[in-house]
Amino acid sequence: MRAAVHTRFGPPDVVRVVESAVPTLGANDVLIKVHATTVTSAESAMRRGEPRWGRVVIGLRRPRRKLRTLGTEVAGVVTEVGSDVRRFAPGDEVFGFTGFGAGGHAEYVRMPADGSLAPKPVGRTFAEAAAAVDGATTALYFLRDKVGVRAGQRVLVNGASGSIGTYAVQLAKLFGAEVVGVCGPGNVELVKSLGADEVIDYTTRDFTADVDAYDVVFDTVGKSSFARSRRALRAGGKYVPTTGLGNVPLGLWTSLRGGKKVVFGMSVRKNAGLLVVKDLLEDGRLRIVVDRTYPLERIAEAHRYVDSGHKRGNVVITVVD
C-alpha cells in the first residue's frame, strides 16, 4: 500500500509517499481502506518534532517507528475484521479517530473495533466525514462535557476559524449561548456565517482587555493564557485550553481555590462523541468547513499550507477518488 512517512523531524519535504506493508489484524481489529484523511496543526507540529517536551512520546532524535505515518482522522470502508469483531463487517462505511496510533495517512489503517470509530454520516462524502472527526468531537467534549455550556452564557472562542473553532462556534450556539469568535481579518465573514453573534479581529482588538465579559473563554489554538484572560472572565468563569501542559497544575490549583477556573482535559475516547456528531451532520445542524483538498501524493504541500498559518477549518487528503 501507499503510505506517507517521515523518518526524521523537519520541514514538509521530509514527508514522502512510499510503498509499505498492509497492517495485519488482531482478533479485535478492523482494517479500513482509507478514502480520506486530514493534515492538522497538531500533526504538522509532530512532523517538526514540536513541542520539544513532546519528543518523549513521538521520539527523541527521530520519529518513533509507529508514528512515522501520521494521520488521526480517517473515513473509509471496512475491508476485513478480526475473528472476535461483531461491531463492524466488511463493506461498512466508517469514520474515526486513530488517536495515539496515528497511521491514517495511508491506503489502509488498522484500528481496534472498540476504538473511536462509528458509521459514516449518511449523505456526507468521505472527505467531509474525515474533516468532522477530531475538531467536532473535541469542541463537543470541552463545551458540553467539561464546562456544560448552556443558554444565557457568553462564550468566547479563540481561533474561531480553525478546525476546532469552526465547530465550537456552532456547538456553543446550539447549546443556547451568545458566542464571540476571535480570528484574523480574512476570516471574519466565515465566522459570522457559522453563527457567531460577534467577531473580534485579533489584529485590531485584544479580547483579554475586555473586563468581566465572558462565562467561558475557549482557547482552541493556544494563543492566550489564564493569566491574560482572567480579567475577561466573569465571576466563576472558566478558561478552557486545548493545549499546554502548564494548564494541568493550573486546573488543579484553581479547582481547589474556587472562583475563576482553568478546565483542562484530553479528548481521546471519541466513541460517544462521534455518534452525536454523526446525528448533527445528518440533520444539517452542523456545517463542515474544508479549506483545501490534496491527493495523498501531494501531502507535503498540504503540510506546507498548514505550516503557513492560514488554514481555515480543515485540510483534507484524498486517498481514493
Side-chain angles (χ1 to χ4, degrees), residues 1-24 26 29 32 34 37-74 96-112 115-117 130-131 133-135 137-138 141-142 159 162-164 219-223 241-249 264-270 294 296 298-309 311 314-317 319:
M1 69 172 185
R2 293 174 302 150
V5 303
H6 69 304
T7 56
R8 59 187 177 91
F9 299 122
D13 291 338
V14 301
V15 181
R16 299 176 296 114
V17 176
V18 301
E19 287 295 320
S20 182
V22 175
T24 56
D29 293 336
I32 300 165
V34 178
T37 180
T38 64
V39 174
T40 67
S41 299
E43 288 158 348
S44 181
M46 289 174 67
R47 185 210 74 233
R48 298 192 302 270
E50 298 172 354
R52 288 282 178 163
W53 57 260
R55 292 198 181 190
V56 174
V57 176
I58 63 177
L60 295 177
R61 304 180 72 177
R62 61 181 59 85
R64 294 187 189 278
R65 186 172 298 276
K66 68 176 183 179
L67 292 176
R68 290 179 182 177
T69 297
L70 300 173
T72 56
E73 298 179 288
V74 296
F97 179 70
T98 64
F100 296 120
H105 293 167
E107 289 186 298
Y108 291 91
V109 66
R110 176 184 60 212
M111 288 186 64
S116 298
L117 195 61
V133 172
D134 189 35
T137 55
T138 298
Y141 167 77
F142 281 105
S163 56
I164 300 174
D219 183 7
T220 70
V221 287
K223 298 295 186 182
T242 58
T243 60
L245 277 184
N247 289 301
V248 177
F264 190 75
M266 291 186 68
S267 173
V268 178
R269 185 73 174 172
K270 297 177 180 286
Y294 298 85
L296 183 64
R298 293 171 55 198
I299 193 168
E301 291 180 47
H303 274 269
R304 192 171 295 111
Y305 180 62
V306 173
D307 280 1
S308 74
K311 177 174 73 71
N314 303 272
V315 171
V316 170
I317 303 298
V319 185

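The chain is numbered in sequence order, starting from 1. Quick note: numbers below take in every heavy atom, side chains included, and nothing from hydrogens, waters or symmetry partners. Bear in mind that the values here come from a model prediction, so they are computed numbers and not experimental data.
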For Val221, does its backbone N or O pair with a side-chain atom of Asp219 as donor and acceptor, under 3.5 Å? yes

Strictly distance-based, threshold 3.5 Å: is any side-chain N or O of Arg304 a donor or acceptor partner for the main-chain N or O of Pro12? no

Given side chains that start at C-beta, do those of Val17 and Leu296 come closer than 4.5 Å, heavy atoms only? yes

Testing the basics here: between Asp13 and Ala300, what is the closest heavy-atom pair and its distance to 0.1 Å? OD1-CB, 4.3 Å

Using a 4.5 Å cut-off on heavy atoms from C-beta on, say whether the side chain of Phe9 contacts that of Arg61. no

Run the side-chain hydrogen bond (donor to acceptor under 3.5 Å, both in side chains) test on Thr40 and Glu73 for me, step by step, so that the C-alpha distance in whole Å, both residues' side-chain angles and the decisive distance to 0.1 Å come before the verdict. CA-CA 9 Å; Thr40 67; Glu73 298 179 288; 5.8 Å; no

Kindly write out the residues that satisfy side-chain hydrogen bond (donor to acceptor under 3.5 Å, both in side chains) with Arg269, not counting sequence neighbours, or none if the list is empty. Asn271

Quick one: OG1 on Thr137 to CZ on Phe97, what's the gap to the nearest 0.5 Å? 7.0 Å

Could you tell me whether a side-chain N or O of Ser44 sits under 3.5 Å from a main-chain N or O of Ser41, the two making a donor and an acceptor? no

Which value, rounded to the nearest 0.5 Å, describes the distance between Ile299 atom CD1 and Ile317 atom CD1? 4.5 Å

Test side-chain contact (heavy atoms from CB on, under 4.5 Å) applied to Val14 and Thr7, step by step: CA-CA 7 Å; Val14 301; Thr7 56; over 6 Å; no

Do the side chain of Arg8 and the main chain of Pro63 share a donor and acceptor less than 3.5 angstrom apart? no

Using a 3.5 Å distance criterion without hydrogens, assess whether the side chain of His6 forms a donor-acceptor pair with backbone atoms of Arg68. yes

Can you check side-chain contact (heavy atoms from CB on, under 4.5 Å) on Thr242 and Phe264, steps first, answer last? CA-CA 7 Å; Thr242 58; Phe264 190 75; over 6 Å; no

So which atom in Glu43 and which in His303 form the shortest heavy-atom distance, rounded to 0.1 Å? O-CE1, 4.2 Å

Checking Val18 now: which residues fulfil side-chain contact (heavy atoms from CB on, under 4.5 Å) with it, not counting sequence neighbours? Val5, Arg16

Heavy-atom nearest pair, Gly222 first then Thr243, reads CA-OG1, 3.7 Å

Partners passing side-chain hydrogen bond (donor to acceptor under 3.5 Å, both in side chains) against Arg298 (at least two apart in sequence or in another chain): Glu301

Quick check: closest heavy atoms across Gly49 and Ile58, and the distance to 0.1 Å? CA-CD1, 3.9 Å

Apply side-chain contact (heavy atoms from CB on, under 4.5 Å) to residues Val268 and Phe100 and explain how you reach the verdict. CA-CA 9 Å; Val268 178; Phe100 296 120; 4.1 Å; yes

How would you list, by chain and number, every residue that makes a side-chain hydrogen bond (donor to acceptor under 3.5 Å, both in side chains) with Asp29, sequence neighbours excluded? none

Show which side-chain atoms of residues 101-112 pair as donor or acceptor with protein atoms under 3.5 Å away, not counting sequence neighbours.
| residue | atom | partner | partner atom | Å |
| --- | --- | --- | --- | --- |
| His105 | NE2 | Thr38 | O | 2.7 |
| Glu107 | OE1 | Arg2 | N | 2.7 |
| Glu107 | OE2 | Arg2 | NE | 3.2 |
| Glu107 | OE2 | Arg2 | NH2 | 3.2 |
| Arg110 | NH1 | Thr24 | O | 2.6 |

Calculate, to the nearest 0.5 Å, the distance between atoms CG and OG1 belonging to Leu70 and Thr98 respectively. 9.5 Å

Apply side-chain hydrogen bond (donor to acceptor under 3.5 Å, both in side chains) to Asp134 and list each qualifying residue two or more places apart in sequence or on a separate chain. Thr138, Lys270

How close do Val315 and Ala302 get, heavy atom to heavy atom, and via which atoms? CG1-CB, 4.0 Å

